[in-house]
Amino acid sequence: MRVLGLETTCDETAAAVVSDILGGESGQILSNEVLSQIARHAAYGGVVPEIAARAHIDALAPLIVRALAHAKVDLSQIDAVAAAAGPGLIGGVLVGLTAAKALALAAGKPFIAVNHLEAHALTARLTDRLDFPYVALLISGGHTQLVAVRDVGEYRRLGSTVDDAAGEAFDKVAKMLGLPYPGGPQLESLALEGDPQRFDLPRPMLGRPGADFSLSGLKSAARQEILKLGALGEQDKRDLAASFQAAIVDVLVDRVRNGLRMFGEASGRANGLVIGGGVGANNAIRRALTRLCAESGLRFISPPPNLCSDNGAIIAWAGLERLRRGLTNDLAFAPRPRWPLDPSSSDAHHGKA
Ligand code: KG4
Ligand code: ZN
């Protein structure tokens, strides 16, 4: 089976074809076309929804043509068309969703509405054939949450941010250090040569019960240090980057440790811990979580950075997982700018689904 997957929820326009292998146990990426819009948004210091929606319209159709060509298939050889139907920016979601429905209708194939967070959560099954159940840490510019993944469509939120997303915190502190948007990756590079102990930044939520995150206090504390210093020298920037990253790593590790314990108490042993989302590319975070998992003999799965950040292959794979279970959708499926993975949780209150 082959699924075409479209991603347009934020600032990446993407189309990919994934086929199943090993009787559906895993998948093979036949093509994965991603176009980042970062250059169009950089001047504004963040993603501008209206610009994003228009850019998706410009980019999506040619990307779909390329994704099919690179996969060496035409539409008649696709078994379903999947699109990320949320959570995300409504203008962008509408572009991908409408394109997927139109293609499905034209080809007479099923349409599948994929939750973008579900796609991140299921990626480890594509890359590493991970069996259910497991725990997924989803960390990106728009979301930060820890999810128990029991099966396709069966997710329970263990914790989520009560304020900023991890990527948002990275980007805001990076901006304070004079780095261009999105500054997360450059902040990581600066931190390599910095002293993580020079600035004593807070570790919000550390030691508290539960697995919720809070990152805005850490960001504000970084701002205070910058104000105290006045002019920032190059070494100040490196030390601040290293101190901030060390604090965020400590917070993530503490929260994930609690979340894994909560999972264990409720459901027994997890088969692994998975990361997804753009911040999942951060090596300090990967190393710290590798250590945490090694302590408890848990498998740690970190998909390659290009599959952590937004792309079409993870949407196509989630579509394939759904198709195999007969979970297809009606063409009337409405976009869901807010779409908590766990409807029983209070994700929606935080505005960061
Ligand atoms: O998942 P993603 O590509 O897009 C969404 O936000 O949905 O994630 C982008 C975010 C940005 O905030 C970016 O700064 C952050 O991920 N990021 C990083 C790193 N690479 C990307 N943050 C810290 N360290 C990195 N290496
Ligand atoms: Zn994402």
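Keep in mind that the numbers below use all heavy atoms, side chains included, and drop hydrogens, waters and symmetry copies. One-based numbering, in listed order, for ligands and for the atoms of each. Source: prediction; values computed, not measured.
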Could you tell me whether [X] and ligand 1 have an N or O pair separated by under 3.5 Å?
| X | value |
| --- | --- |
| E168 | no |
| G278 | yes |
| E188 | yes |

Do NZ/NE/NH1/NH2 and the carboxylate oxygens of [X] and [Y] come within less than 4.0 Å?
| X | Y | value |
| --- | --- | --- |
| E118 | R322 | yes |
| D151 | R325 | yes |
| R261 | E265 | no |
| E25 | R129 | no |

Fill in the blank from the handout: Going by the 4.0 angstrom heavy-atom rule, the piece of D171 near ligand 1 is side chain
Practice task
Hey, can you tell me if F132 and Y134 have their rings parallel, tilted or perpendicular (30° and 60° cut-offs)?
Solution key: parallel
Problem - Residue D310 atom name (nearest to the Zn ion (ligand 2); N/O/S) - result: OD1
Exercise for the section: Below 4.0 angstrom from a heavy atom of P182, which ligand 1 atoms are there? Numbered from 1 as shown, please. Expected result: 14 (O)
Can you pull out the closest protein heavy atom to [atom]? Residue, atom name and distance to 0.1 Å, please.
| atom | value |
| --- | --- |
| atom 15 (C) of ligand 1 | V279 CG2, 3.8 Å |
| atom 7 (O) of ligand 1 | D310 OD2, 3.1 Å |
| atom 24 (N) of ligand 1 | N282 ND2, 3.0 Å |
| atom 6 (O) of ligand 1 | G141 N, 2.8 Å |
| atom 22 (N) of ligand 1 | G184 CA, 3.6 Å |

Practice task
Please determine if the Zn ion (ligand 2) has an N/O/S atom from C10 lying under 2.8 Å away.
Solution key: no
Practice task
Please find out if the Zn ion (ligand 2) and some N, O or S atom of H120 are separated by less than 2.8 Å.
Solution key: yes
Exercise for the section: Cation-pi check, R156 to F263: give yes when NZ or CZ is under 6.0 Å from the six-membered ring centre and within 45° of the ring axis, no otherwise. Expected result: no
Problem - Centroid-centroid distance, F244 to F170, less than 6.0 Å - result: yes
Exercise for the section: Please confirm whether Y155 and W339 have ring centers closer than 6.0 angstrom. Expected result: no
Exercise for the section: Answer with yes or no whether the side chains of N32 and H70 bring together a donor and an acceptor at under 3.5 Å. Expected result: no
